[in-house]
Amino acid sequence: QVQLVESGGGLVQAGGSLRLSCAPSGRTFSNYAMGWFRQAPGKEREFVAGIRWSGSSTYYSNSVKGRFSISIDNAKNTVYLQMNSLQPEDTAVYYCNARSENPYRRLDVLFLGLSGYWGQGTQVTVSA
């Protein structure tokens with residue numbers, strides 16, 4: 001059974017930082033791309049960042065580019081989302097996502113839609 005377990009959410013003041021972790025299990029993920037999405041109250045779930053399992057390429061939404069960084073530790077089988085310069089508008093439930101890799105597709109195309117496996121989500125709250 002595939003599981004994606006997120007951790008690292010919490011409450012932080014504007015300008016602060018948090019690091020989210022996602023530990024996938026239940027199968028081999030070397031043929032998967034990993035991503036982070038978020039969903040704020042009353043809004044649709046939106047893409048935040050994605051990375052190939054090899055770590056060879058990453059992709060970010062415009063709203064977080066330059067502030068967030070996604071990385072992968074293959075030895076620990078863990079994906080991270082380092083979030084810096086957090087703002088109140090970053091408040092949301094953050095979800096880890098795993099979807100089948102396609103090396104011939106750019107990550108911005110690969111992460112369209114809401115397919116794949118999902119974690120349970122972790123709350124990030126940024127106070128003004």
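Nothing here was measured: the structure is a model prediction, and the numbers come from that model. Below, each value reflects all heavy atoms present in this structure, side chains not excepted, and no hydrogens, waters or symmetry copies.
Counting only residues at least two apart or on different chains, the side-chain hydrogen bond (donor to acceptor under 3.5 Å, both in side chains) pairs with a member in residues 119-128 are Glu6-Gln120, Gln123-Thr125. For residues 7-25, the side-chain hydrogen bond (donor to acceptor under 3.5 Å, both in side chains) pairs, not counting sequence neighbours, are Ser17-Asn84. The disulfide bond (SG atoms under 2.5 Å apart) pairs that include a residue from residues 22-111 are Cys22-Cys96, where partners are two or more places apart or lie in different chains.
Residues satisfying the ring-ring contact (aromatic ring centres under 6.0 Å, His included) criterion with Tyr94, sequence neighbours excluded, are absent altogether. Thr28 pairs by the side-chain contact (heavy atoms from CB on, under 4.5 Å) definition with Ser30, not counting sequence neighbours.
Residues Met34 and Pro24 come closest through the heavy atom pair CE-CG, 4.2 Å. Nearest heavy atoms, Ala92 versus Gln39: CB-O, 3.4 Å.
Using modelled atom types, no side-chain atom of Asn77 and backbone atom of Ala23 make a donor-acceptor pair closer than 3.5 Å. Remark: the backbone N or O of Ser69 is not paired with any side-chain donor or acceptor of Tyr80 at under 3.5 angstrom.
With side-chain heavy atoms closer than 4.5 Å counting as contact, directly or through intermediates, the hydrophobic cluster containing Tyr95 also holds Phe37, Phe47, Tyr59, Val93, Leu107, Leu110, Phe111, Leu114, Trp118.
Taking the six-membered ring where the residue is Trp, Tyr117 and Phe29 present perpendicular rings, their angle passing 60° and hence far from 30°.
Side-chain heavy atoms closer than 4.5 Å link hydrophobic residues (I, L, V, M, F, W, Y) into clusters, and following such links, possibly through other members, connects Ile51 to Val2.
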